[in-house]
Amino acid sequence: MTTALVWFRRDLRLHDNEALATAAAADSLLPVYVVDPREYGERPYGGRDSFRFEKTGAHRARFRCESLSDLRASLRERDSELVVREGLPEDVLPELARAVGADVVSMHTWPTPEERGVEAAVKARLREAGVEIRRKWGHTLYHINDLPTPYTDISDTYTSFRKAVERDASVREQVNTPTLPPLPDAVDAVDVGSVPTPVALLGGDVSPTDADERGVLPFEGGESAALARVESYVWDADRLREYKQTRNGLLGEGYSSKFSPWLNEGCLSPRYVHDEVRRYEELRVENDSTYWLLFELIWRDFFQFQAAKHGGTLFTRPGIRGRHDIDWRTDERAFERWAAGETGIPFVDANMRELNETAFMSNRGRQNVASFLANNLRLDWRRGAAYFETRLVDYDPCSNYGNWAYIAGVGNDSRDRYFNIVKQARKYDTDAEYVTHWLPELDPLPPEFAHEPWTLSRDEQAEYGVELGVDYPEPMVDLEQSYQKLR
Ligand SMILES: Cc1cc2nc3c(=O)[nH]c(=O)nc-3n(C[C@H](O)[C@H](O)[C@H](O)COP(=O)(O)OP(=O)(O)OC[C@H]3O[C@@H](n4cnc5c(N)ncnc54)[C@H](O)[C@@H]3O)c2cc1C
């Protein structure tokens, strides 16, 4: 008789879950989730006291709690259970393994330093207790063992990486959802615990996280909501056929898939998305849009494998390119204006306000606000990335720090790249519909002024009833001058 314990981490799903399927081969199985207090509250960046930031904001905490409730409900439907414990996984897991007499603990592994650190501690403690450990890789489209080269040798350039995997690797089949064995007999002695609330996770002063109706989606956590989103985006609304044309949008639920929060919390497997795209191609249409969704999932893989390759260097200020030559500034007030969406540059402010209100921002928005902080303001890019870490409902360490480093010129792009914010605003928000959606104070302005209110004369300000410095901030930098410095 074998007893297994499956440790759910950021893999809160039953479908295509190899850690679960492996554990389900045992005669009895105890599914466990551990609420690790190190993931909540204020922490020093990188463990050292460089600057402090909140690890998890209210929206992601809510999303996680909903995901846990959904997982527990699905397990209960299968006569199983999700035991939820608060504490350090390295303490909790050996204790539970002992309580139910588990021989083996099955888990997924991630490539990032914090996750690896926890995992190493868990492994050491389980070994001491004589419990076998089975680790699985399960959050990318391509499996790490199927890459054309060892991950340590992958290209640091996206295009070469993509071409190599497209040519020489294939996406594995999904792992079937297993029939679950019964709970261990000794489960009666185990307190199953309750799924935490966001307030319990974050402390008493959490602000309410009711969905802001101006947001793109309410983003309900959980595998059920994830599968429903795939169904609605791909099949019901039939948006996949035009994804490549719409993906740079800013408003509404349909311009892009919005799969990211579910992918990152593990409620959705990228291989499931892949298989749905292939099914859609067979049944409806195969075109550049269907390909492009997979192209973007390969970006996601790229940053995961980059993190595996470069480890903690990805999170350092000079980054993987060792850029010690950039003179990063410290200016708390400037950082706060950026974070609050009060820079006086409408396209930046609208995006930051969307992030602050809803925990989401489009890819186009992310690129521009990151470029503004790192390039125009030259503030330490890691401050911006850490702010995103707190706020984003879809935060993922590899995608977040990888994209930030890329834009800040310390990451995977060998060119120094910056965005011309006003040009971008005019191109992607021609009628200023997006900026006025989030900055209603600019509503009275014609679109050309809504993107550049600083070009209004005093008389024009009076005519439109928008006074700079009163109704909306003066710009905190002269954009043109800051571009001159970068050229
Ligand atoms: C500064 C910055 C920070 C970012 N931080 C994160 C983050 O913490 N978590 C995160 O998931 N994405 C991050 N991204 C990438 C991208 O903005 C989001 O994945 C995307 O906006 C999510 O919306 P979607 O699911 O509708 O994307 P879609 O356009 O529908 O794309 C489908 C999927 O492809 C993946 N993807 C798309 N673009 C990228 C990309 N550039 N890098 C990695 N994966 C990508 C995502 O998993 C996404 O869900 C960041 C981008 C920038 C520029």
Side-chain angles (χ1 to χ4, degrees), residues 10 56-57 59-60 63 112 139-141 158 161-162 215-217 219 226 229-230 233-234 239-240 242-274 276-277 289-307 314 338 348 351-352 354-355 358-375 381-413 417-419 424:
R10 285 203 297 136
T56 307
H59 284 280
R60 197 160 74 258
F63 190 90
T112 31
H139 67 288
T140 53
L141 185 59
Y158 173 69
F161 169 80
R162 175 181 58 77
V216 290
L217 263 190
F219 289 117
R229 173 64 190 165
V230 176
Y233 177 78
V234 174
R239 299 309 300 254
L240 186 53
E242 54 180 16
Y243 167 71
K244 189 158 184 247
Q245 288 74 50
T246 59
R247 75 198 169 88
N248 279 312
L250 299 160
L251 280 169
E253 54 87 22
Y255 65 81
S256 66
S257 74
K258 314 293 186 309
F259 293 163
S260 52
W262 291 287
L263 284 166
N264 294 327
E265 206 58 28
C267 308
L268 181 62
S269 151
R271 290 191 295 228
Y272 179 90
V273 178
H274 169 269
E276 286 295 283
V277 171
S289 286
T290 57
Y291 167 69
W292 215 262
L293 193 70
L294 301 179
F295 177 98
E296 295 296 349
L297 285 177
I298 301 176
W299 264 113
R300 180 172 177 274
D301 271 21
F302 175 64
F303 286 123
Q304 300 296 324
F305 296 125
Q306 283 291 312
L314 177 68
W338 173 83
V348 172
N351 275 292
M352 292 306 292
E354 180 182 9
L355 174 68
T358 71
F360 191 80
M361 192 194 290
S362 68
N363 185 56
R364 187 55 44 188
R366 295 180 204 205
Q367 291 176 320
N368 277 275
V369 303
S371 180
F372 182 72
L373 181 103
N375 297 316
W381 67 273
R382 300 168 312 158
R383 291 295 307 276
Y387 190 76
F388 269 35
E389 175 168 349
T390 309
R391 295 281 170 163
L392 280 175
V393 67
D394 66 3
Y395 165 71
D396 168 80
C398 309
S399 292
N400 186 56
Y401 286 87
N403 273 290
W404 267 94
Y406 186 96
I407 287 169
V410 304
N412 293 98
D413 199 356
R417 151 190 303 265
Y418 63 87
F419 286 78
Q424 290 266 310

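Order of listing sets the numbers, starting from 1, for every ligand and every atom in it. Positions are given from 1 along the sequence.
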Checklist outcome for this item: Between Tyr395 and Asn264 the two heavy atoms that sit nearest each other are O-CB, 3.9 Å
Next on the checklist: Any non-hydrogen side-chain atom of Thr358 less than 4.5 Å from a side-chain atom of Leu217?
Outcome noted: no
Checklist entry - With distance as the sole criterion, is a donor-acceptor pair present between the side chains of Glu389 and Tyr401 under 3.5 Å? => result yes
Checklist entry - Identify the closest protein heavy atom to atom 15 (C) of ligand 1: which residue and atom is it, and at what distance? => result Asn403 ND2, 3.7 Å
Next on the checklist: Measuring from non-hydrogen atoms of Arg247 to any atom of ligand 1, is the shortest distance under 4.0 Å?
Outcome noted: no
Next on the checklist: Given Gly254, Gly365, Cys398, Ser399, identify the one with the heavy atom nearest to atom 43 (C) of ligand 1.
Outcome noted: Ser399
Next on the checklist: Please check whether Lys258 reaches ligand 1 - meaning an N/O of the residue sits under 3.5 Å from an N/O of the ligand, judged on distance alone.
Outcome noted: yes
Item to check | Heavy-atom side-chain proximity of Leu373 to Tyr387 below 4.5 angstrom | outcome: no
Checklist outcome for this item: The single option from Asp396, Leu297, Leu141 that satisfies side-chain contact (heavy atoms from CB on, under 4.5 Å) with Leu263 is Leu297
Checklist outcome for this item: atom 3 (C) of ligand 1: closest protein heavy atom, distance to 0.1 Å, is Asn400 OD1, 3.5 Å
Next on the checklist: Counting non-hydrogen protein atoms only, what is the nearest one to atom 9 (N) of ligand 1? Give residue, atom name and distance.
Outcome noted: Asp394 O, 2.9 Å
Checklist entry - For atom 39 (C) of ligand 1, which protein heavy atom lies nearest, and how many Å away is it? => result Glu296 OE1, 3.9 Å
Checklist entry - Can you tell me the protein heavy atom closest to atom 47 (O) of ligand 1 and the distance? => result Arg300 CD, 3.2 Å
Checklist entry - Would you say Tyr243 contacts ligand 1, with heavy atoms under 4.0 Å as the rule? => result yes
Checklist outcome for this item: The atoms of ligand 1 lying under 4.0 Å from a heavy atom of Ile407, numbered in the order shown, are 53 (C)
Checklist entry - Hey, would you say the Tyr272 and Trp262 ring centroids sit under 6.0 Å apart? => result no
Checklist entry - Does Leu263 approach ligand 1 within less than 4.0 angstrom via side chain, backbone, both or neither, non-hydrogen atoms only? => result side chain
Checklist entry - Do Ser289 side-chain atoms and Lys244 backbone N/O form a donor-acceptor pair below 3.5 Å? => result yes
Checklist outcome for this item: Ranked by distance from atom 18 (C) of ligand 1, the top protein heavy atom is Arg366 NH1, 3.8 Å
Checklist entry - Purely on distance, is any nitrogen or oxygen of Ser362 under 3.5 Å from one on ligand 1? => result no
Checklist entry - If you count the atoms of ligand 1 from 1 in the order shown, which ones are under 4.0 Å from a heavy atom of Ser260? => result 11 (O), 22 (C), 23 (O), 25 (O), 49 (O)
Checklist entry - Going by the atom numbers of ligand 1, which of them fall below 4.0 Å from some non-hydrogen atom of Phe303? => result 42 (N), 43 (C)
Item to check | Nearest heavy atoms of Val216 and Glu253, plus distance in Å | outcome: O-CB, 3.1 Å
Checklist entry - Do the side-chain N and O atoms of Lys258 and Ser260 include a donor-acceptor pair separated by under 3.5 angstrom? => result no
Checklist outcome for this item: Residues at least two apart in sequence or cross-chain that pass side-chain contact (heavy atoms from CB on, under 4.5 Å) with Ala307, listed by chain then number, are Pro111, Thr112, Leu314, Cys398
Checklist entry - Which ligand 1 atoms are under 4.0 Å away from a heavy-atom of Asp396? => result 7 (C), 8 (O), 9 (N)
Checklist entry - Non-hydrogen atoms of Phe360 versus ligand 1: any pair closer than 4.0 Å? => result yes
Next on the checklist: Can you confirm, on distance only, whether ligand 1 has an N/O atom lying under 3.5 Å from any N/O atom belonging to Leu293?
Outcome noted: no
Item to check | Nearest-neighbour protein heavy atom for atom 16 (C) of ligand 1, which is reported as residue plus atom name and distance | outcome: Asn363 OD1, 3.4 Å
Item to check | Numbered atoms and elements of ligand 1 in range of Trp404, under 4.0 angstrom, heavy atoms | outcome: 1 (C), 3 (C)
Checklist entry - Taking the six-membered ring for Trp, are Tyr406 and Tyr158 ring centroids under 6.0 Å apart? => result no
Checklist entry - With a 4.5 Å limit on heavy-atom distance, are the side chains of Phe303 and Asn403 in contact? => result yes
Next on the checklist: Among residues at least two apart in sequence or on other chains, which ones pass side-chain contact (heavy atoms from CB on, under 4.5 Å) with Ser362?
Outcome noted: Leu250, Tyr255, Asn351, Arg364
Checklist outcome for this item: atom 33 (C) of ligand 1: closest protein heavy atom, distance to 0.1 Å, is Leu297 CD2, 4.0 Å
